[in-house]
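Below is one structure, written out as structure tokens; comments come after it.
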Amino acid sequence: MLNRQIHVSPAPNIPVRKSACLSALTLLVLSMSLSAATAGAASDSTDANARYQADRARCISGQSNQDRATCLKEAGAALQESRKGRLTDDKAADQSNALLRCNALPVDDRDACQRRMNGEGTTSGSALEGGISRELTVPDKK
């Protein structure tokens with residue numbers, strides 16, 4: 001049986017000291033990236049917990065538009081989604097979704113719906129009152 005020792009050397013034309021420095025630098029950059037990501041995740045988690053506590057307090061005080069059990073269940077679900085990064089306050093996405101709902105309407109009503117969603121006409125009510133009513137008066141097309 002032959003015993004061979006294999007020596008691995010750094011890539012050609014790179015001195016050992018330079019290779020070690022590059023490895024150390026790479027580890028430092030990776031460590032800093034991980035620290036930044038962890039800090040961001042901790043901040044997001046803190047924000048999510050603070051939002052949950054505020055939602056929970058609103059449920060318990062009866063200031064939500066839901067019964068207490070449903071409200072607490074929804075607050076917990078929102079916390080879980082937030083921790084997974086799937087709960088955001090994206091006003092552009094909200095506006096896009098509102099306009100997409102208009103697409104389900106017949107062609108004759110779609111334009112007026114889109115105009116209402118873009119702020120034309122009058123708005124009354126609130127979610128706490130059971131809904132938001134948007135009204136736009138347009139002349140009949142003949």
Side-chain angles (χ1 to χ4, degrees), residues 3-142:
N3 287 335
R4 291 187 185 180
Q5 290 184 344
I6 300 174
H7 295 281
V8 179
S9 62
N13 300 327
I14 300 178
V16 173
R17 187 180 309 181
K18 189 173 186 179
S19 177
C21 286
L22 287 173
S23 295
L25 181 61
T26 301
L27 286 174
L28 178 63
V29 169
L30 287 173
S31 174
M32 290 173 62
S33 297
L34 182 60
S35 295
T38 303
S43 174
D44 291 345
S45 177
T46 301
D47 292 345
N49 286 330
R51 172 176 253 167
Y52 169 72
Q53 291 301 327
D55 288 347
R56 189 173 184 283
R58 196 174 304 110
C59 295
I60 292 170
S61 71
Q63 294 177 344
S64 74
N65 62 338
Q66 300 170 316
D67 65 85
R68 182 180 289 185
T70 301
C71 185
L72 291 170
K73 182 179 175 182
E74 290 294 321
L79 176 62
Q80 288 179 346
E81 290 300 301
S82 181
R83 287 180 175 165
K84 294 176 185 176
R86 298 189 298 209
L87 185 66
T88 60
D89 286 331
D90 186 351
K91 300 296 183 197
D94 291 346
Q95 179 67 17
S96 176
N97 287 338
L99 292 172
L100 283 173
R101 287 192 295 273
C102 294
N103 289 341
L105 297 173
V107 176
D108 293 341
D109 297 331
R110 192 173 304 151
D111 178 59
C113 175
Q114 291 170 344
R115 289 173 57 189
R116 286 191 304 272
M117 292 300 109
N118 285 324
E120 290 186 48
T122 59
T123 303
S124 61
S126 69
L128 288 174
E129 296 171 333
I132 299 172
S133 175
R134 301 176 196 277
E135 183 179 357
L136 175 66
T137 303
V138 293
D140 283 338
K141 295 179 183 177
K142 291 188 182 196

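For reference, positions follow the sequence shown, starting with 1.
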*Verify side chain to side chain contact (heavy atoms under 4.5 Å, CB included) between Glu120 and Asn118, making sure each step is shown before the conclusion.*
CA-CA 6 Å; Glu120 290 186 48; Asn118 285 324; 5.6 Å; no
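- With rounding to the nearest 0.5 angstrom, the OG atom of Ser124 is 9.0 Å from the CD1 atom of Ile132.
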*Before giving the answer on side-chain hydrogen bond (donor to acceptor under 3.5 Å, both in side chains), spell out for Asn65 and Glu129 the whole-Å C-alpha distance, their side-chain angles and the decisive distance to 0.1 Å.*
CA-CA 8 Å; Asn65 62 338; Glu129 296 171 333; over 6 Å; no
_Arg83 vs Asn49, test: side chain to side chain contact (heavy atoms under 4.5 Å, CB included). Steps then yes/no._
CA-CA 9 Å; Arg83 287 180 175 165; Asn49 286 330; 2.9 Å; yes
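- Crowding of Arg51 atom CZ: a count of heavy atoms from other residues, nucleotides or ligands under 6.0 Å not exceeding 12.
- If you take CD on Gln80 and CZ on Arg86, they are separated by 9.5 Å, rounding to the nearest 0.5 Å.
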*How far apart are the C-alpha atoms of Thr70 and Lys73, what are their side-chain angles, what is the distance that settles it, and do they pass the side chain to side chain contact (heavy atoms under 4.5 Å, CB included) test?*
CA-CA 5 Å; Thr70 301; Lys73 182 179 175 182; 5.6 Å; no
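- With rounding to the nearest 0.5 angstrom, the CD atom of Glu135 is 4.5 Å from the OG1 atom of Thr122.
- Taken to the nearest 0.5 Å, the CD atom of Glu74 stands 12.5 Å off from the CG atom of Leu79.
- The structure places CZ of Arg115 at 14.5 Å from CZ of Arg134, a figure rounded to the nearest 0.5 Å.
- The two residues Cys71 and Ser64 have their closest heavy-atom pair at SG-OG, 3.4 Å.
- Each disulfide (SG to SG under 2.5 Å) pair with one or both residues in residues 74-141, not counting sequence neighbours, appears once here: Cys102-Cys113.
- The distance from the CG atom of Leu136 to the OG1 atom of Thr123 is 10.0 Å, given to the nearest 0.5 Å.
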*Start with the C-alpha distance between Asp55 and Arg58, add both sets of side-chain angles, then the distance that settles side chain to side chain contact (heavy atoms under 4.5 Å, CB included), and finish with yes or no.*
CA-CA 5 Å; Asp55 288 347; Arg58 196 174 304 110; 3.0 Å; yes
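- Other residues, nucleotides and ligands place no more than 12 heavy atoms under 6.0 Å from the CZ atom of Arg56.
- A donor-acceptor pair under 3.5 Å is formed between the side chain of Arg68 and the backbone N or O of Ile60.
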